[in-house]
Number of protein chains: 2
Amino acid sequence: MALPTKATHQQTRVHNERLVVRTVYDLGPISRADVARQTGLTRTTVSDVVTGLLDDGVVKEIGRGPSSGGKAPILLEVDQDSRLVVGLDLGEEHFAGSVVNLRGEIRRTVELPVAGRDGDDAVELVFALLDRLLAGTTAPLLGIGIGTPGLVDSRTGTIRRAVNLDWRDLPLGTIVADRYGVPVNVANDSQAAALAEYTYAGEGRVPNLIAIRVGRGVGAGLILRGALFQGDGSGAGEIGHTVVDDQGAVCRCGRRGCLETVAGMRAIEARAAAATGGDADLGAVRAATVEGEPWALAIADDAGAALGRAIAALIGALDIQRIVLLGPVTALGEPWLAAVRREARSRALAPLADEVDISVGRQPSNVVIRGASALLVARELGLSLVR
Amino acid sequence: MALPTKATHQQTRVHNERLVVRTVYDLGPISRADVARQTGLTRTTVSDVVTGLLDDGVVKEIGRGPSSGGKAPILLEVDQDSRLVVGLDLGEEHFAGSVVNLRGEIRRTVELPVAGRDGDDAVELVFALLDRLLAGTTAPLLGIGIGTPGLVDSRTGTIRRAVNLDWRDLPLGTIVADRYGVPVNVANDSQAAALAEYTYAGEGRVPNLIAIRVGRGVGAGLILRGALFQGDGSGAGEIGHTVVDDQGAVCRCGRRGCLETVAGMRAIEARAAAATGGDADLGAVRAATVEGEPWALAIADDAGAALGRAIAALIGALDIQRIVLLGPVTALGEPWLAAVRREARSRALAPLADEVDISVGRQPSNVVIRGASALLVARELGLSLVR
DNA sequence: TCACTTTGTCCATCGACTGGACGAAGTGGT
DNA sequence: ACCACTTCGTCCAGTCGATGGACAAAGTGA
């Protein structure tokens with residue numbers, strides 16, 4: 001039973017500082033007086049806090065705004081390039097990384113092929129990637145966020161297991177933190193994607209959302225009450241290996257009929273190859289659905305339906321209304337998405353299902369990188385995404 | 001985007017007060033100095049806070065403890081009867097309620113038959129129940145907790161719908177709070193049960209747990225990160241109406257093959273009646289399993305297996321290791337429980353499933369009442385169970 | 001008996017929020 | 001051009017509450 005920590009004066013200060021930063025961040029150019037009104041703090045306290053933030057450079061004054069019958073306010077804004085964050089996406093083929101600013105905008109990107117490296121060699125590759133990303137950066141680095149496949153314990157920064165890289169209980173967070181001297185956060189790739197969707201949602205930010213990445217594997221990231229939820233063993237969201245078909249194909253996890261063996265990329269491509277008699281990647285299936293080919297539509301529908309059933313179970317369990325789909329398989333487009341929605345809606349309790357919004361995320365290519373960085377940005381903004 | 005509230009000195013004070021109360025509550029007879037060591041607060045602050053708590057009567061001194069080489073410490077203990085809470089269980093047949101102390105011990109119970117009342121008449125029955133429970137109580141009443149079937153929004157205290165009582169968007173929390181002048185918390189019965197399991201777990205308290213009530217309906221209560229999780233529409237845990245069998249029987253919700261139609265009490269009794277040719281209630285099935293009757297064992301196994309599959313999905317989604325089963329159907333005993341465990345373990349991802357602890361709760365009869373009260377006890381102890 | 005510990009309280013100090021006052025800088029009316 | 005009024009940002013005294021050191025009370029062990 002973890003006792004919560006005591007409260008001190010410094011903590012109230014930190015809390016209020018973050019409250020001010022976040023208000024300025026979310027509500028754009030805004031005066032001190034308006035911040036005070038929004039937060040409930042006194043003008044005095046806000047002024048005091050802002051003075052510190054100006055010194056740190058996180059916030060800057062951008063001139064006076066229109067008067068409303070009195071002295072014109074000095075508008076404040078978060079200086080989005082005053083701090084940098086690095087986000088990494090340790091994919092199966094490539095390790096990619098970007099330098100990202102406080103708005104989640106990507107400033108520079110480097111990508112290195114994995115080329116079969118694993119174990120310590122893969123760790124070296126992470127170092128190489130970071131060295132190249134950090135060369136010549138000027139603004140202070142808030143930290144490094146890492147998104148990786150596999151089971152990850154974000155609290156300790158340990159990768160419990162990542163099969164393709166042959167990592168097992170690797171304390172990557174500590175290793176990288178020691179080398180670069182900044183905070184490091186490690187998260188599962190699906191979880192990172194969920195963080196990106198949540199953090200950078202802007203006005204439309206909602207406290208609960210599920211992001212589901214459908215690629216080779218199927219994984220979900222859960223944002224509950226405004227924070228990433230990892231469960232007791234860091235495995236929350238690992239829906240890809242829930243059995244959905246007792247007579248299904250054998251999965252790489254050893255069981256039969258996991259969701260991944262029906263809705264995953266590999267399964268789709270395998271079925272497509274069988275249907276066409278030749279080789280067929282996801283793009284080919286997509287093209288065929290656009291052409292209206294029955295075999296392709298059937299594949300898309302089946303894959304989408306299986307995912308939809310899994311989503312129905314999630315909705316029933318958690319009653320979360322915002323579900324975002326990400327990853328390569330989303331390329332299958334409308335027929336696939338329609339099947340997902342149909343099954344999800346028809347199998348979950350009606351009053352719950354009616355309110356659900358299932359959509360495809362906008363920036364599938366770099367969500368993981370942005371999500372990894374989101375962890376650090378969020379900390380600066382006081383969103384406290386983990387725990 | 002709900003802005004968090006500002007931090008003030010009073011809040012730090014309240015925070016630390018609760019921290020002290022909770023420490024004394026959890027760690028039994030304990031000295032001020034030990035509290036200081038446990039919490040990290042200074043002895044000065046602890047003394048100051050404790051003085052206030054002694055004045056309020058929440059904490060009392062119970063004499064000196066053994067010395068460890070210096071002045072003997074004055075031991076403190078939470079005076080468990082210094083505050084009372086009322087918990088109600090608005091069941092289908094009876095409205096039951098108890099006066100409960102700070103340890104969740106039941107001091108007095110009243111039960112009234114519903115006898116077909118619904119709508120406003122049912123609200124009147126709630127009043128009658130409360131009036132009888134409160135008559136003659138001496139210690140200050142912290143508040144009233146209400147557990148009820150149906151969809152409940154705990155934040156507003158509104159019952160969104162409870163079919164059997166014909167309640168729809170009924171602000172029961174406000175109504176009762178206005179009449180009795182104390183805080184009122186309303187929760188779904190499954191959620192209340194989960195709160196009871198969490199709050200009164202003592203040393204074994206873990207931050208995440210799922211309590212599943214299997215009776216006429218099937219519902220789960222989710223405790224995530226030490227707080228009840230209700231989802232966006234207060235429907236989190238409503239797993240009873242997730243479709244598990246497309247060819248299944250028609251459910252009272254209108255769909256086919258909901259979990260409830262396979263694993264619920266009604267379904268079990270119906271199958272038993274068919275098997276025996278006569279009437280058979282749950283007790284009869286239980287007795288028959290003890291006798292080793294094949295038909296009864298088959299029924300128990302099927303019902304347990306269906307529940308197990310639903311639990312596997314929950315484990316995959318949330319990776320929660322503590323699962324507590326409650327409600328009348330748990331009476332089916334070992335054969336049923338074995339089936340639940342077998343299916344849950346065999347269908348969830350191995351590393352997740354291995355750590356799962358599925359057990360039957362201890363006090364099935366009054367969990368709802370105790371859980372309803374837990375909401376208020378927890379508030380006093382600073383556990384902040386909701387939100 | 002004495003040196004040493006531990007406990008609980010007292011006191012001076014400090015960090016941080018509060019509320020009122022004030023000058024600066026606007027607006028609008030005459 | 002002048003004046004009353006408003007709003008903004010800052011300054012200052014006041015207060016709340018945590019902190020750390022000092023101290024008496026009450027133990028232990030040599």
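Throughout, protein chains are lettered first and strands after them, A, B, ... in sequence-line order, and every chain is numbered starting at 1. Because only heavy atoms are used, hydrogens play no part in the values below, and waters and symmetry mates are left out as well, while side chains stay in.
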inquiry  = Looking at A:Arg103 and A:Asp81, is any side-chain nitrogen of the basic one under 4.0 Å from a carboxylate oxygen of the acidic one?
reply    = no
inquiry  = Measuring from atom CZ of B:Phe229 to atom CG of B:Leu318, what distance do you get when rounded to the nearest 0.5 angstrom?
reply    =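 B:Phe229 CZ to B:Leu318 CG: 8.5 Å, rounded to 0.5 Å.
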task = Tell me, please, the opening and closing nucleotides of DNA chain C, 5' to 3', among those with an atom under 4.0 angstrom from a non-hydrogen atom of chain B.
result =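 From 5' to 3', the first and last contacting nucleotides are C:dT5 to C:dT18.
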Nearest-nucleotide 5' precedence on DNA chain C, A:Ala72 against B:Thr8 =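 On the 5' side of the pair lies B:Thr8.
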task = For A:Thr44 and for A:Gln10, locate the closest nucleotide of DNA chain C by heavy-atom distance; then report the residue assigned to the nucleotide nearer the 5' terminus.
result = A:Gln10
Of all residues at least two apart in sequence or in a different chain, which pass the side-chain contact (heavy atoms from CB on, under 4.5 Å) check with [X]?
{"X": "A:Pro140", "value": "A:Arg83"}
{"X": "A:Ala139", "value": "A:Leu84"}
{"X": "A:Pro183", "value": "A:Leu376, A:Arg379"}
{"X": "A:Ala33", "value": "A:Ser31, A:Arg37, A:Arg43"}

remark   = Of A:Asp34 and A:His9, the one whose nearest nucleotide on DNA chain D sits closer to the 5' end is A:Asp34
remark   = Taken in chain and number order and not counting sequence neighbours, the residues that satisfy salt bridge (charged side-chain N to carboxylate O under 4.0 Å, His left out) with A:Glu105 are A:Arg107
key: Set of residues satisfying salt bridge (charged side-chain N to carboxylate O under 4.0 Å, His left out) with respect to B:Asp48, sequence neighbours excluded   =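 Counting only residues at least two positions away or on another chain, B:Asp48 forms a salt bridge (charged side-chain N to carboxylate O under 4.0 Å, His left out) with B:Arg13.
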Within the 4.0 Å heavy-atom criterion, would you say [X] contacts the bases, only the backbone, or no part of the nucleic acid?
{"X": "A:Thr12", "answer": "sugar-phosphate"}
{"X": "A:Asp48", "answer": "nothing"}
{"X": "A:Arg32", "answer": "sugar-phosphate"}
{"X": "A:Arg13", "answer": "sugar-phosphate"}

query = Got a sec, which residues hit side-chain hydrogen bond (donor to acceptor under 3.5 Å, both in side chains) with A:Thr45, two or more places apart in sequence or on another chain?
reply =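 A:Thr45 satisfies side-chain hydrogen bond (donor to acceptor under 3.5 Å, both in side chains) with A:Thr42 only.
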task = For B:Tyr180, enumerate each residue passing the side-chain hydrogen bond (donor to acceptor under 3.5 Å, both in side chains) test, keeping only those at least two apart in sequence or located in another chain.
result =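 Expected list: B:Asp131.
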task = Using heavy atoms and a sub-4.0 Å distance, could you list which residues of residues 49-71 of chain A are near DNA chain D? By number, please.
result =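 Heavy-atom cutoff 4.0 Å gives A:Ser68, A:Gly69, A:Gly70, A:Lys71.
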message = What is the first contacted nucleotide of DNA chain D and what is the last, in 5' to 3' order, if contact means an atom lying under 4.0 angstrom from a heavy atom of chain A?
response = D:dT6 to D:dT19
remark   = For residues 58-76 of chain B, the side chain to side chain donor-acceptor pair (under 3.5 Å) pairs (sequence neighbours left out) are B:Arg32-B:Glu61
